[in-house]
Amino acid sequence: METNVQTKETTAKKVEKKPLEKVLIICAKGAIEDVYAALVMANGAVMEGIEAKLFFTFFGLDAITTKQMNKLHTGTIGNPAMRMPGGLPFPTILGMLPGVEAGVSSMMKSQMEKLDIPPVDEFMDMITAGGGEIYACKLATDMFKIEMKDLSEHVKDIITIGQFYEMADGERTQIIFT
Amino acid sequence: MGQTVIAGVSVDLNDEGYLNDPSEWNEDVAGEIAKEEGIELTDKHFEVLHYLRDKHIAGEQLTIRKVGKSGITDIKGLYQLFPGGPLKKSSRIAGIPKPASCV
């Protein structure tokens with residue numbers, strides 16, 4: 001094969017792209033899949049050098065409440081995509097039985113651990129280590145009577161949605177709602 | 001991108017500037033690629049690079065969590081060593097493929 005020797009300058013030549021610079025991610029739900037969707041997106045952003053801010057509101061607050069954050073569950077009722085191991089449909093009536101939701105949730109967590117996806121608090125460690133910031137919604141904390149002392153050490157502040165929007169400055173910023 | 005001479009070695013690069021063949025890598029090649037990324041390599045950098053290469057050659061999928069638990073550096077340290085892309089940049093400098101994991 002003919003060898004086309006180029007100079008090293010050409011290795012630096014790249015197609016001109018305009019990458020995303022900042023993402024603001026809002027998580028309003030507290031099921032495992034909702035919280036992890038937000039965490040994976042935030043962590044993925046900081047890993048790519050994209051600034052990331054996370055805003056937890058309503059039931060999403062469970063993800064940053066010290067007592068709850070590592071005990072999240074996934075709902076076993078009313079989820080048509082829920083399957084039994086092996087792929088058969090998961091009967092909703094089964095999801096009502098005591099312990100089933102906990103069992104399904106711990107199974108999901110163990111599957112994620114196998115993929116090196118950490119528990120919630122460690123995931124937040126990773127995100128903040130990369131410069132990501134985590135905020136709680138003022139309205140929702142007032143509503144659920146949650147104070148800063150109830151929240152994870154990773155939470156930077158309790159802020160209003162207006163303050164969160166103010167962070168969406170810059171041209172290549174996206175707001176994502178899960 | 002094809003064959004490119006880096007630090008006097010002709011290496012096969014893909015379109016994103018990653019080495020197609022990790023065995024073409026040496027520490028001088030790493031130093032040159034690091035310069036392109038704006039990084040001056042220290043001993044700590046090389047510890048991470050060798051760790052990544054060993055794990056890659058062992059067939060393990062790499063994540064920043066794994067590097068953070070390697071005992072070489074924590075995740076915060078990894079971000080400081082390779083700013084703006086801890087796993088992507090370190091993998092490129094280590095001469096291994098672009099990481100395919102989401103964490």
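Side-chain contact, Asp34(A) with Thr178(A): no donor N or O sits under 3.5 Å from an acceptor N or O.
Using cut-offs of 30° and 60° on the angle between ring planes, the pair Tyr135(A) and Phe164(A) is perpendicular. Classified by interplanar angle (parallel below 30°, tilted 30° to 60°, perpendicular above 60°), the ring pair Tyr36(A)/Phe123(A) is tilted.
Using a distance-only test at 3.5 Å, with no hydrogens or angles considered, no donor-acceptor pair links the side chain of Thr92(A) to the main chain of Ile77(A).
When heavy atoms are compared at a cutoff of 4.5 Å, Lys88(B) approaches chain A solely by way of its side chain, counted from C-beta outward. With a 4.5 Å cut-off on non-hydrogen atoms, Lys69(B) touches chain A through its side chain but not through its backbone.
The candidate with the highest count of non-hydrogen atom pairs below 4.5 Å against chain B, out of Asp116(A), Val46(A), Ile50(A), Asn43(A), is Asp116(A). Ranked by non-hydrogen atom pairs under 4.5 Å with chain B, the options Leu115(A), Asp125(A), Leu39(A), Ile117(A) are led by Ile117(A). Interface check for chain A: of the options Gln61(B), Lys76(B), Arg65(B), the most heavy-atom pairs under 4.5 Å are formed by Arg65(B).
In terms of hydrophobic clustering, with Ile, Leu, Val, Met, Phe, Trp and Tyr side chains grouped at heavy-atom distances under 4.5 Å, Met69(A) and Phe59(A) are assigned to a common cluster.
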